[in-house]
Amino acid sequence: MLGTKVQLEIVFVHLNSRIPFHLYLNLRRTKKLFPQYKVILISNLKQVTPRGISKHQYKPGAVWGQVESSLLHPREYRNNFWMTSMARFLALMEYQNVQNVRLLHVESDVILASDFPMYSFEKFDEASAYPIISPERGVASILYLRDANASRRLLETMLAELALDPHTSDMLILGKHFLADPDVCALPIAPNGRENYRVFTPQKIQDNWTRNIERFHGIFDGADVGIYYFGTDPRNSRGISFLQRAIPSEYGDAKKWILQYSEKRNFIDFVTADGVVPLYCLHVTSKQLRMFKLRLSAKIIKNNTKGLDHELRRFYVRVGLAQVVFAIQRRALAFLK
């Protein structure tokens with residue numbers, strides 16, 4: 001495929017602030033792994049990116065204003081986090097309206113395996129695909145959009161849900177979109193077998209995952225693997241990241257999974273009674289910078305996938321200090337008002 005025009009493009013979106021260092025590293029990592037694909041950063045600001053990364057300037061319009069004015073989430077939280085997480089869908093639609101190419105959106109803290117099945121998405125029939133992780137939520141860790149019509153349909157769901165609930169989120173919208181649009185594919189999040197999921201997981205969605213494991217020959221991390229084995233986002237707990245903490249509201253029962261590091265793939269495999277099943281991506285919510293560097297991630301993966309029988313805590317000094325500074329600034333501004 002080297003030297004040929006590939007319809008599928010890999011896209012990252014970052015809005016309202018300078019890109020964080022983990023995203024800079026991830027852009028470089030992705031381009032090294034997939035040099036034959038166009039890797040794009042969409043942003044509404046001018047950004048400094050690694051060599052070889054294409055950039056698209058997104059200009060927020062009337063729909064941005066409509067969405068932002070409808071949301072009731074606090075705008076001061078992480079540069080208007082709730083808005084920008086949904087505005088990614090606006091930016092993706094605007095880009096597809098111009099280019100009308102297949103898009104594989106990757107979240108900034110999601111790393112791809114070198115054997116990620118790009119070829120499967122190049123000719124994928126369904127309009128969109130992403131992991132479904134609970135009865136209410138999907139996640140855009142990996143979000144495939146076939147064409148401009150697919151992104152418009154997702155936007156229509158977002159606007160409809162926003163009209164019903166001004167406290168909605170991107171994950172709730174993806175959950176609703178999966179239920180509303182029969183042309184959405186649920187990317188599998190764990191191996192086959194009821195023992196890998198909680199008892200409330202519908203058989204219908206397990207059958208869906210089974211078909212798609214056969215189609216892709218692997219699994220996609222929505223959030224469970226990254227959170228359970230590599231830690232929660234330390235920004236949510238003043239610099240503390242929790243490892244091997246179960247999320248009982250979600251389908252996946254991560255504490256029952258057996259993972260191992262694959263020397264051949266330099267990534268993670270699920271170990272099952274029938275053999276190993278490759279994991280194609282990892283949602284590094286803890287944002288450990290070494291995980292975004294090809295040569296440094298192997299040791300962390302080996303250590304963290306061994307598994308323990310108790311919860312762990314890790315404190316990230318840099319994150320903790322940044323949270324303290326931010327809290328002081330926010331209180332100072334509130335006092336001055």
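Sequential numbering from 1 along the given sequence is applied to the chain's residues. As the structure is a prediction and not an experimental result, all values here were calculated from the model.
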Under 6.0 Å between ring centres: does that hold for [X] and [Y]?
X      : Y      : answer
Trp257 : Tyr228 : no
Tyr144 : Phe124 : yes
Phe216 : Phe121 : yes
Phe220 : Phe116 : yes

For the residue pair [Y] / [X], report whether a side-chain donor-acceptor contact shorter than 3.5 Å exists.
X      : Y      : answer
Gln99  : His56  : no
Thr49  : Gln47  : no
Asn208 : Asn212 : yes
Ser108 : His14  : no
Gln96  : Asn149 : no
Gln7   : Tyr37  : no
Asp109 : His283 : yes
Asn16  : Thr84  : no
Asp207 : Gln203 : yes
Tyr229 : Asp224 : no

Check this for me, if you would: do [X] and [Y] make a salt bridge, where the nitrogen-to-carboxylate-oxygen distance has to be below 4.0 angstrom?
X      : Y      : result
Glu250 : Arg137 : yes
Glu107 : Arg88  : yes
Asp183 : Arg146 : yes

Side-chain heavy atoms of [X] within contact of [Y], under 4.5 Å:
X      : Y      : answer
Val39  : Leu27  : yes
His177 : Arg153 : yes
Ile53  : Tyr24  : no
Ile142 : Leu112 : yes

Heavy-atom closest contact ([X] atom, [Y] atom, distance):
X      : Y      : answer
Asp221 : Ser141 : O-OG, 3.1 Å
Ile189 : Pro131 : CG2-CB, 3.8 Å
Ile205 : Tyr251 : CD1-CE1, 3.9 Å
Cys281 : Val110 : CB-CG1, 4.0 Å
Leu90  : Tyr58  : CB-OH, 3.5 Å

Enter the distance from [X]:[atom1] to [Y]:[atom2] here, rounded to the nearest 0.5 Å.
X      : Y      : atom1 : atom2 : value
Lys38  : Leu103 : NZ    : CG    : 10.0 Å
Phe200 : Ser249 : CZ    : OG    : 6.5 Å
Ile173 : Leu154 : CD1   : CG    : 8.0 Å
Met86  : Leu174 : CE    : CG    : 10.5 Å
Ile219 : Ile268 : CD1   : CD1   : 11.0 Å

Margin query: Assess the residue pair Asp269 and Tyr261 against the criterion (side-chain hydrogen bond (donor to acceptor under 3.5 Å, both in side chains)); give the C-alpha distance rounded to whole Å, side-chain angles, the decisive distance to 0.1 Å, and a yes or no.
Written below: CA-CA 6 Å; Asp269 287 338; Tyr261 173 74; over 6 Å; no

Over 12 foreign heavy atoms within 6.0 Å of [atom1], [X]:
X      : atom1 : answer
Lys31  : NZ    : yes
Arg215 : CZ    : yes
Arg18  : CZ    : no

Next item on the list: Tell me, with the steps shown, if Leu25 and Lys293 meet side-chain contact (heavy atoms from CB on, under 4.5 Å).
Entry: CA-CA 7 Å; Leu25 295 174; Lys293 300 179 180 180; 3.8 Å; yes

